[in-house]
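Values in this document were obtained by computation on a predicted structure and should not be read as measured data.
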Amino acid sequence: MSASASPNPKPPFWTIARRDAAAGYVFIAPQLIGIITFVLVPLGLVFWYSLHEWNVLASSFNFVGAANYQMLLADPNLPQVLLASAIFSAGLVVLNMTLALLLAVLLDQKLKGIVVFRTLFFSPVVVSLVAWTIVWSFLLQNNGGINGMLAMLGVEGPNWLRTPTTAMISVVVVQVFKNVGLNMILFLAALQGVPKELYEAARVDGAGAFKQFRRITLPLISPTILLTSIITIVGSLQVFAQIAVLTQGGPGMTTTVLVYYLYQQAFQFHFFGYGSTLSILLFVIVAVLTFVQWQLRKRIVFYEN
């Protein structure tokens with residue numbers, strides 16, 4: 001009788017599937033380490049600081065639990081700060097995206113020298129934000145360049161940055177001119193990806209330019225519209241340098257947005273615990289708005305229908 005067959009040999013540990021999985025983990029490791037180091041850990045520390053009263057000048061760091069969150073709910077300035085943030089964000093998003101889409105449609109034409117205009121409108125994006133804002137602060141002063149040009153036309157301009165009705169408008173316009181080129185380039189790339197055959201077929205069917213834009217262009221660039229809206233809204237809630245240079249939150253608190261109010265509480269008044277609590281509030285607002293926009297994609301994005 002022949003000897004019994006030997007048991008099946010143990011399979012090697014480094015199978016093809018495990019090697020592929022290990023390679024995948026190696027490739028995502030830098031991004032994962034970056035997220036943990038620069039996103040998750042700082043977010044956890046901010047939450048931890050929000051549970052403490054931290055006074056750097058007095059070298060005190062005391063646990064106070066939810067006291068900072070109770071202060072947040074009772075803060076009499078918070079409604080005005082949130083209102084200023086909402087006005088700034090709404091004005092910036094509407095003006096930026098509308099102007100960017102209009103410029104993209106105009107610059108999508110096959111005209112001689114159109115590249116020069118594309119470069120001209122995009123160039124403010126690469127200019128230093130602080131330098132851009134300082135230049136505009138001189139232009140918008142009571143005796144600055146804007147009022148000087150208006151005076152040549154016989155019009156007396158207001159003190160743009162010190163009048164409540166014009167301060168917020170001025171800050172929004174400065175930010176729109178700074179970043180409209182970025183959304184313009186994104187829209188322009190999306191427009192150039194729309195098949196030209198669809199427009200030809202629409203013209204054969206008798207569709208006018210506006211109907212073509214509404215029925216063809218907007219649906220096909222809707223993914224880009226969603227992307228730019230998320231980027232613009234998140235960016236509008238994080239504005240700081242423009243407020244700090246142009247208005248310092250004034251006049252009164254008409255331009256004191258949430259990020260600038262956070263800066264005041266933490267770095268001017270040294271309430272670092274309460275400043276961390278405001279940071280948590282900002283994070284929640286951004287997360288909720290981004291989640292809502294993402295959930296609405298099935299209604300506004302063509303490819304999700």
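Across Ile114, Leu102, Val115, a single residue satisfies side chain to side chain contact (heavy atoms under 4.5 Å, CB included) together with Leu107, and that is Ile114. For the pairing with His52, the ring-ring contact (aromatic ring centres under 6.0 Å, His included) check across Phe63, Phe47, Phe272 returns one residue only, Phe63.
Tracing side-chain contacts under 4.5 Å through hydrophobic residues (I, L, V, M, F, W, Y), one never reaches Ile134 starting from Leu161; they form parts of separate clusters. Phe210 is not connected to Val204 by any chain of hydrophobic side-chain contacts under 4.5 Å among Ile, Leu, Val, Met, Phe, Trp and Tyr, and they are in different clusters. At a threshold of 4.5 Å between side-chain heavy atoms, the hydrophobic network of Ile, Leu, Val, Met, Phe, Trp and Tyr places Val234 and Val239 in one connected group. Hydrophobic clustering, with ILVMFWY side chains joined whenever heavy atoms are under 4.5 angstrom apart, keeps Val94 apart from Leu227. By the rule that hydrophobic residues join a cluster once side-chain heavy atoms approach within less than 4.5 Å of another member, Tyr69 and Val288 end up as members of one cluster.
Residue-environment remark: CZ (Arg215) stays at or below the threshold of 12 foreign heavy atoms within 6.0 Å.
Looking only at atom types and distance, the side chain of Tyr199 has a donor-acceptor partner in the side chain of Thr217 under 3.5 Å away. A donor-acceptor pair shorter than 3.5 Å cannot be found between the side chains of Tyr25 and Asp20. The closest side-chain donor-acceptor pair between Ser276 and Asn68, if any, does not fall under 3.5 angstrom. The closest side-chain donor-acceptor pair between Glu53 and Ser60, if any, does not fall under 3.5 angstrom. Side chains of Asn96 and Asn179: a donor-acceptor N/O pair is absent below 3.5 angstrom, by distance only. With 3.5 Å as the limit, one finds no donor-acceptor pair spanning the side chains of Ser50 and Thr277. Donor-acceptor pairing under 3.5 Å is lacking for the side chains of Trp160 and Asn142.
Taking the ring centroids of Tyr263 and Tyr260, they lie under the 6.0 Å cut-off.
Rounding to the nearest 0.5 Å gives a distance of 11.0 Å between CD of Glu197 and CD1 of Ile216. Once rounded to the nearest 0.5 Å, the distance linking CD of Gln242 with OG of Ser170 reads 13.0 Å. Remark: Leu101 CG to Leu106 CG distance equals 9.5 Å, nearest 0.5 Å.
Val46 and Ser279 get closest at one heavy-atom pair: CG1-CB, 3.8 Å. Considering all non-hydrogen atoms of both residues, Pro251 and Pro164 come closest at CG-N, 3.6 Å.
A donor-acceptor pair under 3.5 Å is formed between the side chain of Lys178 and the backbone N or O of Val125.
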